[in-house]
Amino acid sequence: MEVLVTGGAGYIGAHACKRLFERGHRPLVLDNLSSGRPEFVRWGGLIRGDTRRPEDLAACFAGRRIDAVMHFAAFIEVAESVAAPLKYYANNVGGTIALLEAALAHGVRLFVFSSSAAVYGDPETVPIPEGHPLRPKNPYGRTKAVVEEILADGGRAQGLRWAALRYFNAAGADPGGEIGERHEPESHLIPRLLEAAARGEGPVFVYGTDYPTADGTCIRDYIHVNDLAEAHVLALEHLAAGGAGGAFNLGLGRGWSVREVIRTVAGVTGKRLETRDAPRRPGDPAVLVADCRRAMELLGWRPRVRNLEEIVATAWNWHRGRPGACAAPMSRENDAPPHPHRR
Ligand code: UDP
């Protein structure tokens, strides 16, 4: 299939492009490069453009036979979404509407959407099944939940065949070392720890040590980015074969605490990590663990990387291989007091 991949120059989108290519599909990336990197676009063409601009969308669809869309392009920082909600609704929701209009106008009905566990808010039950109530706690999560509703309406009215993949904590990097995770500023636990390990600097803050968990720190379900990429390709092929769409959780179905992650990073890198206990980060649920049975049963998805050591080892492989990995200044945010920032 010829697949338009919005946000294909970003962390997860680039891994999906590689997997699409390996499976014999042809990715075409649409990315405005606001956070994506052109050097991550290696498995197909790149159109530099924005999902909100009809002329950029026309450039993607005109003169091509696009079969499907994978939609990753979005803003992803929770704290920013709280401060600038309209920016988030305009891009994440407005951009998706414009993209859907263009896709449907060109007869494209297969749509795989990058959603998030942020649609759930504070879970009532763990592991969380897809049928759990959606109570997102911030504008970022609400943009994802709203788009899912739009997709469902489009499915009912316009024959859209869609899957919304709700990621838990994406982590790791492709072993090839060409693509990996890096945000500006970096807010995520594993890349922050690896940055600290690479530079011998710290501290990395532990946001909250009084949660009702065994060691008092938050528990998250980390899933290797290549297993996410694989789920996208399986979802696409499943939809193309007429399979049932809807929402799919993607995680490993088990969780690791922040302290366990710190120990794992220290073990994998062999570095001493300086960490400091800090207050809770507003909006962080104590435990987020996925019930992924739907993806396993319907898509035949089987995550291959099943332990945190291997996830961290692949991330470390990419991280320390980056030019300037040991020379760039540590993100300023990490030196600042703990900052509310949750996806
Ligand atoms: N976390 C932390 N220190 C950091 C970054 C994150 O203690 O510098 C914690 C955060 O509070 C959460 C977990 O690590 O409990 C994972 O956070 P991350 O931002 O990586 O992903 P999220 O779960 O917010 O999507």
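Along the sequence shown, residues are numbered consecutively beginning with 1. Both counts, for ligands and for their atoms, begin at 1 and track the order of listing.
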List for me each residue that meets side-chain hydrogen bond (donor to acceptor under 3.5 Å, both in side chains) alongside E309, sequence neighbours excluded, and say none if there are none.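 In terms of side-chain hydrogen bond (donor to acceptor under 3.5 Å, both in side chains), with neighbours along the sequence ignored, E309 is linked to no residue.
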Contacting atoms of ligand 1, where contact means under 4.0 angstrom from a heavy atom of [X]:
| X | result |
| --- | --- |
| R192 | 4 (C), 8 (O) |
| C218 | 15 (O) |
| S187 | 5 (C), 19 (O) |
| V206 | 7 (O) |
| D284 | 10 (C), 11 (O), 12 (C), 15 (O) |

Do any nitrogen or oxygen atoms of [X] come within less than 3.5 Å of a nitrogen or oxygen of ligand 1?
| X | value |
| --- | --- |
| L189 | yes |
| F205 | yes |
| R281 | yes |

Which bit of R220 is near ligand 1, meaning a heavy atom under 4.0 Å away: side chain, backbone, both or neither?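 For R220, only side-chain atoms sit under 4.0 Å from ligand 1.
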Ligand 1-proximal atoms of I190, by part, heavy-atom distance under 4.0 Å: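 The answer is neither.
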Could you tell me whether the side chains of T209 and D277 share a donor-acceptor contact shorter than 3.5 Å?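 The answer is no; no qualifying pair exists.
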Within the 3.5 Å criterion, strictly below it, is a donor on Y167 or S115 matched to an acceptor on the partner's side chain?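 There is no such pair between these side chains.
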Do you know which of N92, T51, T6 makes side-chain hydrogen bond (donor to acceptor under 3.5 Å, both in side chains) with H71?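 That would be T6; it is the only one of N92, T51, T6 passing the side-chain hydrogen bond (donor to acceptor under 3.5 Å, both in side chains) with H71.
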Establish, for the pair R280 and Y211, whether the NZ or CZ atom is under 6.0 angstrom from the six-membered ring centre and no further than 45 degrees off its axis.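 Satisfied, under 6.0 Å and within 45°.
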State yes or no: do L30 and M70 share one hydrophobic cluster built from I, L, V, M, F, W and Y residues joined by side-chain heavy-atom distances below 4.5 Å, directly or via other members?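 As far as the 4.5 Å side-chain criterion goes, M70 and L30 are not connected within one cluster.
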Hey, do the aromatic rings of H15 and Y11 have their centres closer than 6.0 Å?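 Ring-ring flag for H15/Y11: true, centres closer than 6.0 Å.
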Return the option from F168, Y222, W256 holding the heavy atom at the smallest distance from atom 16 (C) of ligand 1.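 Checking each option, the heavy atom nearest atom 16 (C) of ligand 1 is found in Y222.
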Residues forming a salt bridge (charged side-chain N to carboxylate O under 4.0 Å, His left out) with K271, sequence neighbours excluded: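 Salt bridge (charged side-chain N to carboxylate O under 4.0 Å, His left out) check on K271 returns nothing, list empty.
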